[in-house]
Amino acid sequence: MKNEEEKMQEFIKDFTNAHDSIRKVKGIDEAAKVIKISLKTAIIIGIIVAIIVSIPIAIMIYDNMSVVFTMDKEDYISKFEKTYRQQIEIVEDDSTNKGNGTIVFKTQKEPMVEFKAVKKIAGGVETYYLEYEGKALNYYIENGPKEIFQGVEVEKTPRKVVLNMFKSAEIFDFKAYLPIESYGKIEEGVHQLLAIKKFMQEKIETFEIPLSLKIGDYTSWYDYNQEKTEEQIINQEKQLYYWYLKNNEADISFIPEEDLLKIDRPQTLDVYVNGEKLVDKRQTEAEKYYAEQDGRDYKTVYIVANYNQDNKCYEVPISSVIVNCDKFQLLKGNINAEFDFSYQNKKYAIHYFDDKVHGRKLPSSGNLEFLEQVLKIKIKYDYQNKKVNLIIE
């Protein structure tokens with residue numbers, strides 16, 4: 001006895017033969033296919049629309065949840081007033097009830113300025129971007145003692161702060177420059193910048209706007225936030241400018257001999273081992289990889305020693321010297337992220353605690369002469385050719 005499916009197949013066959021309309025059945029199949037495709041497309045579009053709609057909702061939920069980790073706007077303003085010993089009022093407010101976002105403030109006492117503040121929270125951590133110190137510096141340049149602020153120039157650079165996927169804010173970073181005429185004016189320039197720093201820190205204890213000397217196209221990169229004597233700063237500023245002149249093959253004949261005795265050291269020295277320039281193999285491989293990605297020739301990376309102005313010595317990545325020189329035998333590391341090596345049948349180690357020597361443990365980076373002190377390696381400096389040779393047996 002035929003089952004129902006077989007009966008249906010026979011009926012369809014008889015019907016199509018009788019009416020000679022097989023194309024109609026095909027048409028139905030094609031329509032079914034179109035319907036299926038349309039249905040799938042509609043589902044996909046629906047999912048995409050749902051995701052698009054849910055993103056801002058998710059961000060709103062995240063913003064609302066994140067405020068659990070951040071202070072109230074009143075506390076935020078109170079913290080600012082306490083830090084800067086100020087009284088402020090809100091001029092414009094584009095922030096949440098917790099102060100996340102942008103607020104324009106106006107101070108109620110000296111320095112009388114309007115400034116923008118941007119607060120964001122990411123991962124429960126608050127970050128603040130304030131224009132107050134830069135605006136305060138501008139105020140005192142215009143209204144402060146002329147003998148201190150005369151000639152000072154302020155540069156402001158826009159910074160984009162991303163608050164979330166759909167919102168960002170722009171705020172300015174500030175730097176201050178003191179143009180001077182020549183090398184001979186460095187001492188006067190340093191004296192004036194230190195006077196500015198002292199004045200501003202009396203007004204704003206946390207004042208940290210970068211201050212720099214400028215001589216023509218040269219801008220110093222000395223950090224005046226360091227605590228050093230005026231004489232130390234003058235010597236370091238002179239040496240920085242001397243390096244600039246040497247690197248640009250400029251005239252240095254005007255520099256007094258007594259100054260050259262203090263500052264005439266190359267900024268960097270190429271490191272050689274037994275007369276051969278020491279290659280940083282790992283960095284060279286990285287350079288080669290990225291060069292191949294960019295379709296350019298790669299450059300071999302060599303190990304260099306950098307002059308430390310504070311300690312008046314040359315420093316090297318000691319760990320890189322050990323790893324890249326076949327005179328040393330590398331041993332296994334340990335749980336403190338150190339690694340051991342042997343030299344002339346004695347065991348030593350590289351540590352990462354500080355930049356000091358601890359017995360037979362050398363810092364990962366530090367004074368080049370530690371190699372002589374601990375490993376008894378001879379060091380020969382060649383300042384004229386900007387190189388140092390390590391005699392390693």
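We use all heavy atoms of the structure for the numbers below, so side chains are in, but hydrogens, waters and symmetry mates are not.
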Using a 3.5 Å cut-off and no angle test, enumerate the donor-acceptor pairs between side-chain atoms of residues 288-302 and protein atoms at least two apart in sequence or in another chain.
unit_1: Arg296; atom_1: NH1; unit_2: Glu287; atom_2: OE2; d: 2.8

### Task
State yes or no: are the ring centers of Tyr242 and Tyr183 separated by less than 6.0 Å?
no
Whether over 12 other heavy atoms sit under 6.0 Å from [X] [atom1]:
X      : atom1 : answer
Glu147 : CD    : yes
Glu181 : CD    : no
His358 : NE2   : yes
Glu89  : CD    : yes

### Message
Membership question, hydrophobic clusters at under 4.5 Å side-chain separation (ILVMFWY): are Leu368 and Val304 in the same one?
### Response
no
### Message
Taking ring-ring contact (aromatic ring centres under 6.0 Å, His included) as the criterion, tell me which of Phe207, Phe105, Phe174, Phe80 meets it with Tyr132.
### Response
Phe80
### Task
Determine, for Glu187 against Lys238, whether the closest basic-nitrogen to carboxylate-oxygen distance falls under 4.0 angstrom.
yes
### Task
May I ask you to say whether Lys197 pairs ionically with Glu227, meaning some side-chain N is under 4.0 Å from a carboxylate O?
yes
### Message
Is the terminal nitrogen or CZ of Arg360 (NZ for Lys, CZ for Arg) located under 6.0 angstrom from the six-membered ring centre of Tyr348 and within 45° of that ring's axis?
### Response
yes
### Task
Evaluate the ring planes of Phe341 and Phe339, with Trp represented by its six-membered ring, and classify them as parallel (under 30°), tilted (30 to 60°) or perpendicular (over 60°).
tilted
### Task
Determine which pairs satisfy salt bridge (Lys or Arg N to Asp or Glu O under 4.0 Å) with at least one residue from residues 384-393, sequence neighbours left out, and list them in order.
none
### Message
So, using ring-ring contact (aromatic ring centres under 6.0 Å, His included) as the criterion, who are the partners of Tyr140 when residues are at least two apart?
### Response
Phe199
